[in-house]
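The basis for the numbers below is simple: all heavy atoms, side chains too, and nothing from hydrogens, waters or symmetry mates. Not measured: the values here are computed from a predicted model.
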Amino acid sequence: MAKIKKDSRGKKKEGGGKNVQAMQFNHALGQHILKNPLIVQALVEKSALRSTDTVLEIGPGTGNMTVKMLDKVKKVIACELDPRMVAELQKRVQGTHHQTKLHMLVGDVIKTELPFFDVCVANVPYQISSPLVFKLLLHRPFFRCAVLMFQREFAQRLVAQPGDKLYCRLSKIGRAHV
C-alpha cells in the first residue's frame with residue numbers, strides 16, 4: 001500500500017513522495033506558467049490582433065498563449081530568458097505551419113533591443129514589471145497597443161490615485177496610459 005504523507009499545507013499526498021513535474025520552474029525568475037485557457041483567450045481577444053500584425057510576447061514560457069496568437073497574426077516575436085522554455089516552445093511548434101511565424105529572442109527583455117512590433121502581449125513577471133513599463137513607453141517606433149497582465153500588487157500601484165499610500169511615479173504614468 002502506498003504511503004500517505006502531508007505536504008507543507010497539510011494536504012495529503014499519495015505515493016509517499018514528491019510531486020513529479022516535467023519541468024521545474026524557476027520562481028525566482030518569475031516563472032509562473034499561464035495555464036487557464038479562459039485567461040489566455042481573454043488576453044488574446046483584448047489584443048484585437050490582425051492578420052498583418054507582428055506581436056511581441058514577453059515570457060512565453062511553454063507557449064500556451066503563443067500558439068493561440070500564431071493562429072491570428074503574421075509573426076510572433078517571443079522573448080524568453082530561460083533556454084529550457086525556448087526549447088520547449090520551439091519543440092511545440094516544430095513541424096507545424098506555425099514554425100515559420102515564430103521568432104525567438106533569447107535573453108533578458110530589459111537588456112534586449114526590441115525590434116519593430118505592432119502589439120505587445122505578456123503575462124509579466126513581477127520582478128520586471130516596472131522596468132518593462134518604462135521600456136515599452138520609451139520604445140520607438142510606437143506600437144498600436146500592449147495588453148499586459150500584472151500581479152495584483154503592481155497593478156494597484158500602477159492605478160493608485162494621488163493621496164493613496166500606494167501612489168508613486170508609476171501611478172502618474174498609469175493614469176496617463178491605462
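- Atom NZ of Lys101 sits about 11.5 Å away from atom CE of Met69, to the nearest 0.5 Å.
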From CA spacing to verdict: side-chain contact (heavy atoms from CB on, under 4.5 Å), Leu56, Leu114 = CA-CA 9 Å; Leu56 174 67; Leu114 299 177; 3.9 Å; yes

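- Within the 4.5 Å cutoff, no side-chain heavy atoms of His97 are placed close to those of Leu70.
- Thr66 contributes no side-chain N or O that, together with a main-chain N or O of Thr62, makes up a donor-acceptor pair within less than 3.5 Å.
- The aromatic rings of Phe117 and His139 sit parallel, their planes meeting at an angle under 30°, below the 60° perpendicular limit.
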From CA spacing to verdict: side-chain contact (heavy atoms from CB on, under 4.5 Å), Phe134, Leu170 = CA-CA 9 Å; Phe134 287 108; Leu170 278 169; 3.6 Å; yes

task = For Lys75 and Asp53, run salt bridge (charged side-chain N to carboxylate O under 4.0 Å, His left out): C-alpha distance rounded to whole Å, both residues' side-chain angles, the deciding distance at 0.1 Å, then the answer.
result = CA-CA 7 Å; Lys75 175 168 62 172; Asp53 282 342; over 6 Å; no

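- The only member of Thr52, Thr54, Asp118 that meets side chain to side chain contact (heavy atoms under 4.5 Å, CB included) when paired with Lys74 is Thr54.
- Between Arg50 and Val73, the closest side-chain pair of non-hydrogen atoms is not below 4.5 Å.
- Residue Glu80 forms a side chain to side chain contact (heavy atoms under 4.5 Å, CB included) with just one option from Met85, Gln90, Glu57, and that option is Met85.
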query = Under the side-chain contact (heavy atoms from CB on, under 4.5 Å) criterion, do Val55 and Ile77 qualify, and how do the steps go?
reply = CA-CA 6 Å; Val55 176; Ile77 301 166; over 6 Å; no

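- By the criterion of side-chain heavy atoms lying less than 4.5 angstrom apart, applied directly or through intervening Ile, Leu, Val, Met, Phe, Trp or Tyr residues, Leu137 is grouped together with Phe150 in one hydrophobic cluster.
- Between Asn64 atom CG and Leu43 atom CG the span is 12.0 Å, to the nearest 0.5 Å.
- When all heavy atoms of Arg157 and Ser171 are compared, the pair lying nearest together is O-OG, 2.6 Å.
- Nearest heavy atom pair, residue Lys135 against residue Thr112, reads NZ-O, 2.6 Å.
- Of the possible polar contacts, none joining the Gln41 side chain to the Pro37 backbone as a donor-acceptor pair under 3.5 Å is found.
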request  = Show your working on side-chain contact (heavy atoms from CB on, under 4.5 Å) between Cys120 and Leu136 and close with a plain yes or no.
outcome  = CA-CA 9 Å; Cys120 178; Leu136 289 174; 4.1 Å; yes

